[in-house]
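In listed order, ligands and their atoms are each counted from 1.
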Amino acid sequence: MQASASQYDAAYAAWQRDPDGYWREAARRIDWDRAPDRILDPAAGPYGRWFPDARLNTCHNAVDRHVASGRGGQAAIIWDSPMTGRCETITYAALQSRVAKLAGALRARGVGAGDRVVVYMPMVPEAAIAMLACARLGAVHSVVFGGFAAAELAARIADAKPKVVLAASCGLEPGRVVAYKPLLDAAIALSPHKPDRVLVLQREQSAAALEAGRDEDWSEAEAAAAPADCVPVAATDPLYILYTSGTTGKPKGVVRDNGGHAVALRNSMAMLYGVGPGDVMFTASDVGWVVGHSYIVYAPLLTGATSVLFEGKPVGTPDAGTFWRVCAQHGVKAMFTAPTAIRAIKRDDPEGRLVAQHDLSRLEALFLAGERCDPPTAEWVSGLLRKPVIDHWWQTETGWPISGNFRGLGLFPARFGSGGKASPGYDVQALDEAGQPLPRGQGGTLAVRLPLPPGCLPTLWQADDRFRESYTATFPGWYNTSDAGVVDEEGYISVMSRTDDIINVAGHRLSTGAMEEVLASHPDVAECAVVGVKDSLKGQVPLGLVVLKSGVTRAEDAICRDLVGLVRDRIGPVAAFKDAKVVPRLPKTRSGKILRATLRRIADGEDYVVPPTIDDPAILGEMEGTLKGVAR
Ligand code: COA
Ligand code: AMP
């Protein structure tokens, strides 16, 4: 398997020499209603649009074409749910029939091409069926992760303005049933936009009360519907909107188009993951995140592969061997998860005894992404599995890896701590503050030369200007990843940290700015800062530091408990905000900017330089005392 890098170098050079030719060739793997004549229109959109004259249907490519080519009896989705003790296989033929019926039900409720549908679902097959049913009609889905609170869901409903919401009655977390419907009702009440209809998938663990006139039982609606056919759309039409954390409380609506997405994802499966038709892929993430969109649902299905959809946790459902059991039982060839999941497994099964209980002979590689992977974790799992462990780097915005190691191109030697080399399609450079590419080996802001490749966001939902401000204004001609890192002499890219207020908690991307907005809304809080501090399991966890208004007499403990509750209620349990501290003052520059990066360094016990613009250097000593031992 370990080959020279020449195949990768040749593929990368071929793309550099002739990007249009590279993507024209990749586009041949997709079934088009009208094949692309033009590959890139550089004048359209904020930086260009891919396949501007082509037409296709993504659901046809993910489902119907495989039935037509004889894969109807093959498993499309294996739902493995240790949370319920159930395991079910859905063949491509069964998937086609369910998706067509649900699409028919949506159409009967007024959903057509371009209309939005919000999907608020746990890890059940209906989540994928919902996404595909929207794609079938040319409608635009927006999946919202179940761990968000009502206010976050409301913000997404208000922005996407869905005609219909598809939801389950509940999700299952270890030890508790999360009733989704009350959260959804609260979100709809908060949102100025109201959906016409809500279809509720009633789960046996907790059925939801349905509101007459608006809510309907999903299964009844699906059963009664006439199946709908695939509706061809323009390659540039949106397939989905996925909201992700920005630096403010208002999430960014990342848009994915139909054509570029299908081409890029299909291309990535063979090139990066080494997964082809009939192979089994297991991506342990959630359909609410980009990793779930791309590598639980779309890429495996566009490929005619089998995708394992797992409802459980890496540990405790029932034990730290659950991932290995899934791999063995379903003959998984490629597995993908976040480093935090591996750290959790390592914590519970440090000797890796549970691995030995399962036959992993068919597993060929483990892929890790979502956060920086610390080398000890990669080394531990690589020693245990004795298979390639591939760290690869990407973002919600890009939809597929910016960098990685490429099983379809002969792997180059892994270097733990690095996210591999740039994927063909991406010219990645570390830039200095003036936007000039730095010599190899020097750290800076990682940026991708425009145009971004197919599959990446063409813009933000109805917000071209916000797209420009967020991604292309700082370094004209480049997409700013807001990740800091280095590209070394041989092209290995190491991503070290974010350059903005985003933190990564257990592979989940969260905005400290959004948490600060919540803390600042507390009546006793005068000012605050939220920083991400090191956590040996989750990578980072948020820590809130608050200064109280003068005259506040309530006990600090009670105020901190309020703050923890507020963040859980407004952002959701996924924020993992469990720690707030009252401080007499915060370190600031003379112009009043809070020195968050310095606070983070102090909290993490790292060396720091006293910022020359600091208002009062003496405060840093105070902070060292307050923050001692907060990093775990
Ligand atoms: N619906 C409702 N609540 C949810 C949820 C969902 N879909 N997902 C998570 N939560 C809740 C959890 O129950 C937990 O609540 P608690 O504070 O009451 O315990 C909170 O959100 C934090 O959840 P999580 O981040 O999952 O932490 P954890 O402590 O429960 O588990 C890990 C730790 C490492 C096992 C877990 O984070 C994990 O599996 N991580 C994998 C990350 C991943 O797949 N990332 C996707 C990017 S690739
Ligand atoms: P998300 O949009 O939720 O996928 O989060 C994207 C962010 O996660 C990136 O901007 C990085 O900061 C971080 N990230 C993702 N994958 C990696 C990786 N392999 N190495 C380092 N950081 C990563």
Distance to 0.1 Å, residue and atom name: give those for the protein heavy atom nearest to [atom].
| atom | answer |
| --- | --- |
| atom 1 (P) of ligand 2 | T396 OG1, 3.4 Å |
| atom 25 (O) of ligand 1 | H508 NE2, 3.4 Å |
| atom 10 (N) of ligand 1 | E173 OE1, 3.3 Å |
| atom 5 (O) of ligand 2 | R509 CD, 3.6 Å |
| atom 13 (C) of ligand 2 | N504 ND2, 3.5 Å |
| atom 9 (C) of ligand 2 | D483 OD2, 3.2 Å |
| atom 42 (C) of ligand 1 | A506 O, 3.1 Å |
| atom 6 (C) of ligand 2 | W394 O, 3.6 Å |
| atom 32 (C) of ligand 1 | P314 CG, 4.6 Å |
| atom 33 (C) of ligand 1 | K538 CE, 4.3 Å |
| atom 22 (C) of ligand 1 | P573 O, 3.7 Å |
| atom 48 (S) of ligand 1 | V291 CG2, 3.7 Å |
| atom 46 (C) of ligand 1 | S285 OG, 3.4 Å |
| atom 16 (N) of ligand 2 | G370 N, 3.1 Å |

Could you tell me which atoms of ligand 2, counted from 1 in the order shown, lie closer than 4.0 angstrom to a heavy atom of [X]?
| X | value |
| --- | --- |
| H392 | 16 (N), 18 (C), 19 (N) |
| R498 | 9 (C), 10 (O), 12 (O) |
| D391 | 18 (C), 19 (N) |
| R372 | 20 (N), 21 (C), 22 (N), 23 (C) |

Of R176, R509, K313, R568, the residue with the heavy atom nearest atom 11 (C) of ligand 1 is R176
Heavy-atom proximity to atom 8 (N) of ligand 1 ranks first, among F145, Y295, W394, for F145
Would you mind running through ligand 1 and noting each atom that sits below 4.0 Å from a heavy atom of [X]?
| X | value |
| --- | --- |
| W289 | 46 (C) |
| G507 | 47 (C) |
| Y180 | 1 (N), 7 (N) |
| K578 | 17 (O) |
| V574 | 21 (O) |
| T340 | 34 (C), 40 (N), 41 (C), 42 (C) |

- Query: Side chains of D483 and Q395: is there a donor and an acceptor less than 3.5 Å apart?
  - Reply: yes
Given the options R407, H392, K333, Y273 meets side-chain hydrogen bond (donor to acceptor under 3.5 Å, both in side chains) only with H392
> atom 13 (O) of ligand 1: protein heavy atom closer than 4.0 Å?
Replying inline: yes
Between Y426 and the options W394, Y12, W400, the ring pair (Phe, Tyr, Trp, His ring centres under 6.0 Å) test singles out W400
So for A284 against ligand 1, with non-hydrogen atoms under 4.0 Å, the contacting part is backbone
Below 4.5 Å, heavy atoms only, C-beta onward: do [X] and [Y] meet side chain to side chain?
| X | Y | value |
| --- | --- | --- |
| M281 | M269 | yes |
| F406 | P401 | no |
| T337 | L368 | yes |
| L519 | V567 | yes |
| L363 | F323 | no |
| L460 | Y471 | yes |

**Asked** Between Y240 and Y298, how do the two ring planes meet: parallel, tilted or perpendicular, split at 30° and 60°?
**Response** parallel
* Using 30° and 60° as the class limits, which term best fits the ring planes of F336 and Y295: parallel, tilted or perpendicular? -> tilted
query = For atom NZ of K250, is the number of surrounding heavy atoms from other residues, nucleotides or ligands below 6.0 Å larger than 12?
reply = no
(message) Atom CZ of residue position R353 - does it have more than 12 heavy atoms of other residues, nucleotides or ligands inside 6.0 Å?
(response) no
Could you tell me whether ligand 1 has any atom less than 4.0 Å away from a heavy atom of G370?
no
Within-cut-off N or O pair, T481 and ligand 2, under 3.5 Å
no
Review point. Cation-pi between K252 and Y243: NZ/CZ under 6.0 Å from ring centre and within 45° of the ring axis?
Key: no
Hey, are E490 and K421 close enough for a salt bridge, meaning a charged N less than 4.0 Å from a carboxylate O? no
Check your understanding: Between K346 and E379, does at least one N-O distance fall below 4.0 Å, as a salt bridge requires?
Key -> no
Counting heavy atoms under 4.0 Å, the part of E371 that contacts ligand 2 is backbone
Any heavy atom of W289 under 4.0 Å from ligand 2? The part involved is neither
| request: May I ask you to check whether F148 and Y120 place their ring centres under 6.0 Å from each other? | output: no
Looking only at heavy atoms, the pair that brings T317 and P174 closest together is CG2-CG, 4.4 Å
